[in-house]
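Each ligand, and each atom within it, is numbered from 1 in the order the structure gives.
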Amino acid sequence: MGHEVQYILESKRLVWLVAVVFAVVIMFQYFEFPYGNVASSMFSMGQAQPSAGQTGQTNKTKASAESPKSSGNITIFNVSNHTTPVDTLGKGNNIGIEYSIPSNDSTTASPPPSSSASLTPPTIVNITVISPSTALDNNTSKPEVNASNLDPGDRKPATSENNPAMSAGESPVKQVPPVKAVHKRPIGDIVTLADMHDILSDNRASVRSMKPLWSSTVDQELLDAKQQIENAPVLNHNDRALYPPLYRNVSRFKSYELMEKILKVYVYKEGEKPIFHQPQAVLSGIYASEGWFMKHMKENKHFVTNNPKQAHLFYLPFSSRMLEEKLYVTGSGSRDNLVQRLKDYVQLIAGRYDSWNRTGGSDHFLVACHDWATDETRKSMNSCIRALCNSDVGREHFELGKDVSLAETYVRSPQNPLRELGGKPPSQRSILAFFAGQMHGDVRPILLKHWENKDPDMKIFRKLPSSKGNKNYINYMKTSKYCICAKGYEVNSPRVVEAIFHECVPVIISDNFVPPFFEILNWEAFAVFVLEKDIPNLKNILLSISNRRYLVMQQRVKKVQQHFLWHVKPVKYDIFHMILHSVWYNRVFRV
Ligand SMILES: *[C@@H]1O[C@H](CO)[C@@H](O)[C@H](O)[C@H]1NC(C)=O
Ligand SMILES: *[C@@H]1O[C@H](CO)[C@@H](O)[C@H](O)[C@H]1NC(C)=O
Ligand SMILES: *[C@@H]1O[C@H](CO)[C@@H](O)[C@H](O)[C@H]1NC(C)=O
Ligand SMILES: *[C@@H]1O[C@H](CO)[C@@H](O)[C@H](O)[C@H]1NC(C)=O
Ligand SMILES: *[C@@H]1O[C@H](CO)[C@@H](O)[C@H](O)[C@H]1NC(C)=O
Ligand SMILES: *[C@@H]1O[C@H](CO)[C@@H](O)[C@H](O)[C@H]1NC(C)=O
Ligand SMILES: *[C@@H]1O[C@H](CO)[C@@H](O)[C@H](O)[C@H]1NC(C)=O
Ligand SMILES: *[C@@H]1O[C@H](CO)[C@@H](O)[C@H](O)[C@H]1NC(C)=O
Ligand SMILES: *[C@@H]1O[C@H](CO)[C@@H](O)[C@H](O)[C@H]1NC(C)=O
Ligand SMILES: *[C@@H]1O[C@H](CO)[C@@H](O)[C@H](O)[C@H]1NC(C)=O
Ligand SMILES: *[C@@H]1O[C@H](CO)[C@@H](O)[C@H](O)[C@H]1NC(C)=O
């Protein structure tokens with residue numbers, strides 16, 4: 001008996017110790033940030049240590065002894081088992097709608113005890129959901145520049161009511177009934193970049209693609225590639241074109257070399273133009289990524305094979321933009337026929353080639369930039385690796401580790417996609433922050449409300465009056481220090497790549513947005529992430545970044561630029577190769 005008590009005490013101490021170590025590690029990890037507030041954003045969903053000795057049902061009393069773990073000023077909650085409420089809110093400003101989130105054990109997040117030392121979490125936690133616009137009116141969103149103040153209760157839910165799942169980026173809006181997305185991995189509300197790292201490594205560790213029905217030589221090649229990447233010599237990047245701070249782990253980028261050496265792609269010949277096989281139709285505008293990728297893939301001699309038996313990857317060559325353009329009936333409010341078209345295509349492929357059945361489609365991939373594509377491909381092509389511009393890990397079925405965030409690029413001149421490349425050196429960037437755009441979605445109106453005509457350093461506009469070649473807009477991008485990339489109807493925006501293109505440090509305001517090439521790039525090294533709720537504090541956040549730090553980031557933006565450029569003829573490390581690399585990388589790590 002005494003023994004047991006002793007044991008329990010010891011394991012509790014262990015839990016505590018792990019918690020403290022974890023908090024300290026997190027703290028150091030983000031200490032590099034000179035701007036506490038962003039660091040605090042990172043914390044806000046920080047995952048806790050695995051609770052040792054958690055055996056099923058824990059009751060309230062016991063839970064209270066262990067949770068929440070509090071270390072210094074930082075309180076950490078384990079939120080990986082949150083149940084996202086499935087109800088959708090009605091439109092409008094519903095303040096105070098309450099959800100009950102069952103939480104049997106100590107691992108569930110609860111609002112931190114704000115006033116007292118009483119750490120007893122209620123068994124039922126009621127989260128008050130506040131719609132973002134009203135939240136700001138009501139001062140509920142507290143802009144704190146100190147990493148010390150964490151309040152998960154303030155977080156905005158991911159199940160947004162204002163998601164009519166419509167819009168085509170900046171293009172004329174077509175109304176479609178709201179699509180209810182049921183998140184496979186319920187994570188409370190906002191998924192921060194730090195959470196994404198965790199989810200990605202969880203998924204890498206636990207999720208595998210279907211075991212092939214019969215084996216093939218490519219399986220062994222993939223396994224070998226994986227081994228080589230995992231055992232790549234550390235810091236032995238002999239390629240001077242790669243600047244290590246830009247990457248999560250530049251050693252692992254050996255995968256690129258291996259891709260060039262090994263990868264073979266089979267491109268299906270099936271499918272009729274213009275939805276399939278007609279990249280020329282989509283080489284300009286905001287969906288250009290899918291068109292350029294298709295063009296380069298189809299023309300490629302190095303990677304493409306005509307023998308499906310040799311292929312590690314199978315490309316489904318359709319354009320989500322043309323699918324919408326050709327099949328969507330304006331005003332119909334239904335995308336069923338678009339979804340059906342893709343389903344028919346998969347059936348055709350699966351009936352004709354045994355490569356689909358061999359892996360259940362998990363070595364097949366698609367590249368689609370239209371907002372709707374994420375949802376349209378959700379059923380028939382869910383097993384595929386999907387490169388999608390609408391990479392919303394909170395609301396859409398976007399699976400980190402399998403799906404790939406496709407960079408949205410606004411190509412103005414298909415003849416010369418590099419026109420206007422670059423911008424002023426930092427010393428000639430006199431504007432602190434710039435944004436211009438239409439009032440799509442619910443974040444931009446908040447941005448405008450707080451910053452339009454409020455401050456001479458903050459050039460925050462609605463859509464700029466049109467000018468020849470959009471000179472005005474481009475000049476702002478070239479002469480601003482920070483370019484604000486606020487989400488529109490969906491999480492993605494062409495501004496992220498535009499900013500990099502013009503050497504302006506991107507400031508991403510789009511909760512749940514998985515940035516492009518997330519598998520490989522260390523985005524925090526060259527971009528700023530600001531939570532939507534911190535918009536009122538935007539200027540302070542930017543000002544809290546030291547000039548030294550700014551210069552470092554700007555330099556890195558210039559260095560990472562090569563990965564975001566389309567060339568008429570693809571070159572090493574350009575965006576075409578990087579997209580293909582992301583698909584390849586996910587394929588390798590799922591065998
Ligand atoms: C969170 O809690 C769950 C059990 O509810 C556990 O399986 C998981 O490992 C925990 N996650 C972390 C990061 O501690
Ligand atoms: C909680 O723990 C107390 C004391 O150990 C016990 O009396 C009570 O039955 C437990 N409640 C539940 C629901 O397990
Ligand atoms: C947070 O930390 C600071 C500095 O360590 C300390 O002054 C402050 O009292 C702490 N606040 C709380 C609530 O513990
Ligand atoms: C999360 O909770 C549900 C029920 O509350 C349980 O079935 C599931 O196993 C839990 N998941 C984890 C990872 O603990
Ligand atoms: C949580 O409690 C409910 C009801 O008490 C129970 O049905 C459920 O299995 C519990 N979940 C876990 C993960 O313990
Ligand atoms: C949570 O909400 C439910 C339903 O609205 C209510 O019955 C319950 O008392 C609330 N619990 C707390 C702790 O506020
Ligand atoms: C919000 O808070 C600020 C400062 O505390 C105050 O000046 C302002 O009037 C408040 N706004 C609203 C809508 O309450
Ligand atoms: C904020 O909202 C609460 C709840 O709706 C309301 O009671 C309060 O008066 C509001 N405060 C301000 C400053 O508007
Ligand atoms: C952050 O916290 C420190 C110490 O607690 C305090 O001196 C400072 O004023 C705080 N900064 C802001 C912006 O609140
Ligand atoms: C980086 O990757 C290499 C090769 O996969 C691995 O050996 C090394 O441990 C990694 N470094 C870190 C810090 O993860
Ligand atoms: C693949 O499986 C489907 C469904 O089981 C079957 O209808 C189809 O004929 C198979 N394809 C080939 C090429 O055998």
Side-chain angles (χ1 to χ4, degrees), residues 21-22 24-32 47 193-194 196-205 209-216 218 221-239 242-262 266-271 306-311 313-316 340 342-364 379-384 400-401 517-525 581-582 584-591:
V21 168
F22 184 83
V24 169
V25 167
I26 287 272
M27 216 144 92
F28 274 94
Q29 203 170 339
Y30 290 107
F31 230 71
E32 205 202 346
Q47 307 268 316
L193 219 55
M196 290 176 201
H197 290 289
D198 291 347
I199 299 173
L200 181 60
S201 46
D202 275 10
N203 286 359
R204 282 262 185 272
S209 51
M210 181 188 135
K211 191 170 187 297
L213 291 183
W214 58 92
S215 66
S216 144
V218 299
E221 286 166 2
L222 289 164
L223 281 171
D224 289 349
K226 184 175 167 189
Q227 277 235 317
Q228 286 195 53
I229 295 166
E230 278 169 349
N231 298 311
V234 177
L235 286 180
N236 185 20
H237 54 94
N238 40 21
D239 195 332
L242 301 180
Y243 180 60
L246 301 178
Y247 307 91
R248 286 158 162 273
N249 180 343
V250 75
S251 312
R252 289 176 81 89
F253 204 33
K254 183 172 180 57
S255 50
Y256 187 98
E257 230 173 85
L258 292 172
M259 170 180 85
E260 291 196 316
K261 210 162 94 188
I262 300 170
Y266 184 82
V267 183
Y268 284 112
K269 312 282 184 291
E270 282 75 6
N306 285 319
N307 180 359
K309 298 243 176 311
Q310 289 176 352
L313 287 168
F314 296 81
Y315 176 44
L316 304 168
Q340 188 60 42
L342 294 180
K343 192 172 163 204
D344 293 346
Y345 187 69
V346 167
Q347 268 171 3
L348 174 76
I349 295 294
R352 217 172 260 186
Y353 298 81
D354 59 12
S355 38
W356 178 279
N357 285 357
R358 192 181 86 89
T359 58
S362 59
D363 50 3
H364 287 53
K379 291 218 172 78
S380 56
M381 299 178 174
N382 194 41
S383 58
C384 305
L400 272 167
F517 314 131
F518 183 69
E519 300 78 18
I520 212 80
L521 291 183
N522 177 22
W523 273 85
E524 289 108 320
H581 173 267
S582 284
W584 154 253
Y585 196 79
N586 281 359
R587 170 79 176 114
V588 166
F589 280 94
R590 285 166 58 84
V591 289

*Which residue owns the protein heavy atom closest to atom 7 (O) of ligand 10, what's the atom, and how far is it?*
V234 CG2, 3.7 Å
_Please determine whether side-chain hydrogen bond (donor to acceptor under 3.5 Å, both in side chains) holds for the pair D224 and Q228, giving the CA-CA distance in whole Å, both sets of side-chain angles, and the decisive distance to 0.1 Å._
CA-CA 6 Å; D224 289 349; Q228 286 195 53; over 6 Å; no
*asked:* Is it the case that over 12 heavy atoms from other parts of the model lie below 6.0 angstrom from the NZ atom of K269?
replied: yes
*ligand 10 and E230, any nitrogen or oxygen pair closer than 3.5 angstrom?*
yes
_Pair R252-Y585, side-chain donor/acceptor within less than 3.5 Å_ = yes
*Heavy-atom distance from atom 2 (O) of ligand 11 to the protein below 4.0 Å?*
yes
_Among all the protein's non-hydrogen atoms, which is closest to atom 10 (C) of ligand 11, and how far away is it?_
N357 ND2, 2.4 Å
*More than 12 heavy atoms of other residues, nucleotides or ligands under 6.0 Å from NZ of K343: is that the case?*
no
*Please state whether the rings of Y247 and F253 are parallel, tilted or perpendicular, taking 30° and 60° as the class boundaries.*
parallel
*Considering only protein heavy atoms, which is closest to atom 9 (O) of ligand 11, and at what distance to one decimal place?*
G351 CA, 4.5 Å
*What protein heavy atom sits nearest atom 12 (C) of ligand 10, and how far away is it?*
N249 ND2, 3.4 Å
*Side chain, backbone, both or neither: which part of Y353 has a heavy atom under 4.0 Å from ligand 11?*
backbone
_Euclidean distance, S355 OG relative to H364 NE2, rounded to 0.5 Å_ = 4.5 Å
*Among protein heavy atoms, which lies nearest atom 5 (O) of ligand 10, and at what distance?*
I229 O, 2.8 Å
*Does CD in E260 sit with more than 12 non-hydrogen atoms of other residues, nucleotides or ligands closer than 6.0 Å?*
yes
*Can you tell me which residue and heavy atom of the protein come closest to atom 11 (N) of ligand 11, and the distance to 0.1 Å?*
A350 O, 2.7 Å
